[in-house]
Amino acid sequence: MTSGPVAGPRSRRTVDVPELVEQAAGGGPAAARAVGRLISLVEDASPALRQVMELLAPRAGHARVVGLTGSPGVGKSTSTSALVSAYRRRGMRVGVLAVDPSSPFSGGALLGDRVRMQDHATDDGVFIRSMASRGHLGGLSWATPQALRVLSAAGCDVVLIETVGVGQAEVEIASLADTTIVLLAPGMGDGIQAAKAGILEVADLFVVNKADRDGADQVVRDLRYMQSLGQQSPSQAKVEGKWVAPIVKTVAARGEGADDVVDQIEKHGEWLASTGTLEVRRRRRAADEVEAIALTTLRARMGDLRGGDILDRLAARVVAGEVDPYTAADELAGAVTA
Ligand SMILES: Nc1nc2c(ncn2[C@@H]2O[C@H](COP(=O)(O)OP(=O)(O)O)[C@@H](O)[C@H]2O)c(=O)[nH]1
Ligand SMILES: [Mg+2]
């Protein structure tokens with residue numbers, strides 16, 4: 001299935017996938033439109049996706065994936081926008097994915113985020129997309145890696161993923177990103193509680209935003225203290241070459257500290273590459289993706305079987321005592337993977 005138009009559920013027209021892929025990699029305003037349409041196909045779980053992914057595979061690109069997570073209101077969108085500016089000053093191409101796992105509506109853009117991102121709206125070197133992961137089993141694990149492939153193939157040097165930190169989302173973003181940034185801010189009850197919630201494990205970099213407000217230094221001290229406890233515990237004994245997440249103070253609303261954050265992301269990138277951790281993380285990510293797709297396929301085929309008579313016949317034989325349920329399940333699994 002490498003050529004020919006495929007109907008996408010959202011578009012009234014058929015989709016010329018090879019042309020879209022060419023356009024996405026080509027740059028300019030046409031690229032931005034093509035990237036948008038390709039990511040829509042991802043969100044819709046379009047049947048055209050198989051062909052899209054086939055064509056994107058050899059263009060995998062080299063985008064660094066940076067996740068930003070933290071409580072609502074901590075300044076993730078503002079920081080993302082400031083980071084985009086900092087990367088653009090360095091001449092890098094940037095993709096932004098704002099992922100709201102709970103957003104029920106398509107293109108899940110929050111108006112405020114749109115406004116904040118307007119500075120970059122006319123910049124050909126920036127691709128911005130909000131997406132909701134509704135409709136996908138496994139949420140982020142399914143749709144986001146595919147959107148990342150699209151942005152990577154479009155030549156992005158870095159992709160920033162913003163997601164609300166609500167329990168599971170932090171862990172999910174950490175499994176997706178090369179570098180995970182956990183944002184905190186004074187006066188949000190974030191300090192020790194947040195550290196307890198497992199952010200110490202997922203953070204490669206801490207950003208204490210709203211440093212223009214009282215209490216930022218206290219948040220930094222709390223974090224340092226939590227880190228020191230972690231290093232003393234036997235399970236996290238300080239291994240040589242272990243990465244200790246740096247803490248950077250920012251005033252995202254004024255763009256202050258964004259360059260420091262980019263510098264630290266670069267440092268972490270060098271550490272990832274030199275220790276082989278980058279390859280480990282990327283393979284784990286690809287494994288999760290393949291597993292999610294395979295499970296979806298298997299579930300669909302199981303559904304087909306339920307409609308057919310194989311399961312009925314097996315069930316009748318189990319009831320009659322002719323076969324035990326494990327053997328019956330083996331037979332069913334065999335039929336699914338045949
Ligand atoms: N005082 C101050 N306010 C900020 C700063 N950064 C962001 N804000 C404000 O905090 C609010 C939430 O920011 P937003 O980026 O939407 O947070 P998000 O929910 O984490 O994406 C907005 O009103 C921002 O203007 C900062 O550095 N200092
Ligand atoms: Mg936001």
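Sequential numbering from 1 along the given sequence is applied to the chain's residues. Whatever order the structure lists ligands and atoms in, that order sets their numbers, starting from 1.
Judged purely by distance below 3.5 Å, without hydrogens or angles, the side chains of Gln218 and Asp222 pair a donor atom with an acceptor atom. If you check the side chains of Ser40 and Arg129, you find a donor sitting under 3.5 Å from an acceptor.
In this structure, Glu256 falls outside the shell of residues with a heavy atom less than 4.0 angstrom from ligand 1. Ligand 1 has no atom lying under 4.0 Å from any heavy atom of Gly70.
Contact between Ser152 and His62 at its shortest, heavy atoms only, is OG-N, 3.7 Å.
Considering each of Lys249, Arg213, Lys76, the one bringing a non-hydrogen atom nearest atom 18 (P) of ligand 1 is Lys76. If you check each of Gly255, Pro72, Gly257, Gly75 against atom 17 (O) of ligand 1, the one with the closest non-hydrogen atom is Gly75.
Residue Gly73 has at least one nitrogen or oxygen atom sitting less than 3.5 Å from a nitrogen or oxygen atom of ligand 1, judged on distance alone. Ligand 1 has an N or O atom lying under 3.5 Å from an N or O atom of Ala252, backbone or side chain. Ligand 1 has no N or O atom lying under 3.5 Å from any N or O atom of Ala211, backbone or side chain. Note: an N/O pair closer than 3.5 Å links Asp212 and ligand 1 by distance alone. Looking at ligand 1, you'll find an N or O of Ser77 within less than 3.5 Å of one of its N or O atoms.
Side-chain contact between Leu183 and Thr69 is absent, with no heavy atoms from C-beta onward closer than 4.5 Å. Between Pro18 and Gln51, the closest side-chain pair of non-hydrogen atoms falls below 4.5 Å.
When each atom of ligand 1 is checked for a heavy atom of Glu162 under 4.0 Å away, the hits are 21 (O). Listed by number with element, the atoms of ligand 1 under 4.0 angstrom from any heavy atom of Asn209 are 5 (C), 6 (N), 7 (C), 27 (O). Annotation for ligand 1: atoms under 4.0 Å from non-hydrogen atoms of Val251 are 27 (O).
Distance CD1/Ile181 to CG/Leu160: 7.5 Å, rounded to 0.5 Å. Between atom CG of residue Asp204 and atom CG of residue Asp178 there is a gap of 9.0 Å, rounded to the nearest 0.5 Å.
Of the residues listed (Val219, Val261, Val220, Asn209), the one engaging Lys249 in a side chain to side chain contact (heavy atoms under 4.5 Å, CB included) is Val220, and it is the only one.
The 12-atom threshold is exceeded at CZ of Arg93, counting heavy atoms of other residues, nucleotides or ligands nearer than 6.0 Å.
Rounding to 10°, one obtains 80° for the angle at the Mg ion (ligand 2) between OG (Ser77) and OE2 (Glu162).
In Arg254, neither the side chain nor the backbone holds a heavy atom less than 4.0 Å from any atom of ligand 1.
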